[in-house]
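Report on the following structure.
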Amino acid sequence: FDALPVRKIVRRDGKLREIYVTAEFLEVEGELQESLDLPLVEGQLADISTDARRWIARIGRSLNRGYHLAIDYGYEDREFYARPRGTLMCYWRHQAVDDPYVRIGEQDITAHVNFSDLMREGAMAGLVTEEFGTQMNFLIQLGILAELESLAPARSVEAIQRLAAIKKLILPGGMGERFKVLVQRRVGEF
């Protein structure tokens with residue numbers, strides 16, 4: 001979901017406006033072409049993925065039964081909208097870059113996922129949220145600590161590398177907490 005396009009929305013003079021990009025890569029504010037209900041305060045920006053909302057609805061409608069699993073970095077509404085400048089980020093050669101208009105076509109552009117949107121839109125499409133939490137807790141529930149214990153006494157290079165990789169997935173302050181896991185279930189026909 002973090003790879004889907006986002007729309008940059010700002011509240012100005014009490015109204016939601018969209019920030020568009022010209023052919024010269026300049027940002028200009030314009031009228032919002034659709035009605036969005038966003039809890040933004042004056043001057044606050046948010047990077048909204050209306051495509052993510054549509055995708056989760058399509059996923060929900062496409063399943064007769066089964067599960068949908070999303071693992072990504074993001075937040076629920078409270079944390080998502082606590083960022084006054086939005087969540088858009090760029091990376092070039094593993095370095096964070098603030099400006100999305102440099103190295104066009106060479107750097108990665110991403111934005112955090114609003115998991116509350118996925119849960120709301122998914123529910124309207126028949127998905128029931130079974131679980132939402134950190135990647136660390138999800139992997140621990142699946143038994144990853146037993147894998148760590150089995151690798152701990154091993155002395156091979158491969159075992160040590162696997163141990164380091166697993167730790168990276170679950171350590172607090174890193175991927176273990178930054179990445180969230182959303183498990184949704186579809187029961188019966190919709």
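As the structure is a computational prediction, the values presented were derived from the model and not from experiment.
Here the shortest heavy-atom pairing between I109 and C90 reads CG1-SG, 3.9 Å. Of all heavy-atom pairs spanning Q135 and L169, the tightest one is NE2-O, 2.8 Å. Here the closest heavy-atom approach between residue I9 and residue L40 is recorded as O-CD1, 3.9 Å. In this structure, D47 and R85 approach most closely via the heavy-atom pair OD2-O, 4.3 Å. The shortest non-hydrogen separation linking V6 to S49 is CG1-CB, 4.0 Å. Of all heavy-atom pairs between G176 and T134, the closest is O-CB, 3.3 Å.
For the pair Q107 (side chain) and G105 (backbone), a donor-acceptor distance under 3.5 Å is absent. Side-chain atoms of Q184 come within 3.5 Å of backbone atoms of L118 as a donor-acceptor pair (strictly under, hydrogens ignored). Of the possible polar contacts, none joining the D13 side chain to the K15 backbone as a donor-acceptor pair under 3.5 Å is found.
The shortest distance between side-chain heavy atoms of E131 and F138 falls below 4.5 Å. Counting only heavy atoms from C-beta outward, the side chains of R53 and I48 approach each other to under 4.5 Å. Residues T129 and M119 have side chains in contact (heavy-atom distance under 4.5 Å, counting atoms from C-beta outward). Within the 4.5 Å cutoff, no side-chain heavy atoms of T110 are placed close to those of L88. Two residues are said to be in side-chain contact when any heavy atoms from C-beta on lie closer than 4.5 Å; L36 and T50 meet this criterion. Between R11 and V41 the shortest side-chain heavy-atom distance does not fall below 4.5 Å.
The CD atom of E149 lies 12.0 Å from the CD1 atom of I144; values are rounded to the nearest 0.5 Å. The distance from atom NE2 of H68 to atom CD of E130, rounded to the nearest 0.5 Å, is 13.5 Å. How far CG of L182 is from CD of E76: 9.5 Å, rounded to the nearest 0.5 Å. One finds the CD atom of E79 at 6.0 Å from the NZ atom of K180 (value rounded to the nearest 0.5 Å). Atom CD of E121 sits about 12.0 Å away from atom CD1 of I59, to the nearest 0.5 Å.
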As a quick check of understanding, evaluate side chain to side chain contact (heavy atoms under 4.5 Å, CB included) for I170 and L145, giving each step before the final call. CA-CA 10 Å; I170 63 172; L145 294 180; 4.2 Å; yes
Run V187 and V128 through side chain to side chain contact (heavy atoms under 4.5 Å, CB included) and show every step you take. CA-CA 8 Å; V187 178; V128 175; 5.8 Å; no
Using the side chain to side chain contact (heavy atoms under 4.5 Å, CB included) rule, take L127 and I56 through it: C-alpha gap first, then chi angles, then the decisive distance, then the call. CA-CA 9 Å; L127 294 174; I56 195 68; 4.0 Å; yes
For V10 and I19, run side chain to side chain contact (heavy atoms under 4.5 Å, CB included): C-alpha distance rounded to whole Å, both residues' side-chain angles, the deciding distance at 0.1 Å, then the answer. CA-CA 7 Å; V10 64; I19 298 174; 4.1 Å; yes
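Under the 4.5 Å side-chain contact rule for hydrophobic residues, L45 and L38 do not share a cluster. Note on L69 and Y67: same hydrophobic cluster, where clusters join Ile, Leu, Val, Met, Phe, Trp and Tyr whose side-chain heavy atoms are under 4.5 Å apart, directly or indirectly. Tracing side-chain contacts under 4.5 Å through hydrophobic residues (I, L, V, M, F, W, Y), one never reaches F1 starting from I71; they form parts of separate clusters. Linking Ile, Leu, Val, Met, Phe, Trp and Tyr residues whenever their side-chain heavy atoms come within less than 4.5 Å leaves F25 and V102 in two separate clusters. Hydrophobic clustering of Ile, Leu, Val, Met, Phe, Trp and Tyr side chains at less than 4.5 Å, counting indirect connections, keeps L32 apart from V21.
Within the structure, ring pair (Phe, Tyr, Trp, His ring centres under 6.0 Å) contacts touching residues 77-125 (residues at least two apart or in different chains) are Y73-H112, Y75-H112, F115-F132.
Applying the 6.0 Å contact sphere to CZ of R178 captures no more than 12 heavy atoms from other residues, nucleotides or ligands. Remark: R58 CZ is loosely packed, at most 12 non-hydrogen atoms of other residues, nucleotides or ligands lying under 6.0 Å away. For D99, the CG atom counts as densely surrounded, since its 6.0 Å shell holds more than 12 non-hydrogen atoms of other residues, nucleotides or ligands.
A salt bridge links D77 with R120: the distance from a Lys NZ or Arg NE/NH1/NH2 to an Asp or Glu carboxylate oxygen falls below 4.0 Å. Looking at R162 and E147, a side-chain N of the basic residue comes within less than 4.0 Å of a carboxylate O on the acidic one, giving a salt bridge. R7 has a carboxylate O that lies under 4.0 Å from a charged side-chain N of E34, or vice versa, which qualifies the two as a salt bridge. Under a 4.0 Å N-O distance rule, the pair E42/R12 does not qualify as a salt bridge.
Residues that satisfy the side chain to side chain contact (heavy atoms under 4.5 Å, CB included) test with K167, not counting sequence neighbours, are L148, L163, L171.
Residue K8 forms a side chain to side chain donor-acceptor pair (under 3.5 Å) with just one option from E27, E18, E29, and that option is E27.
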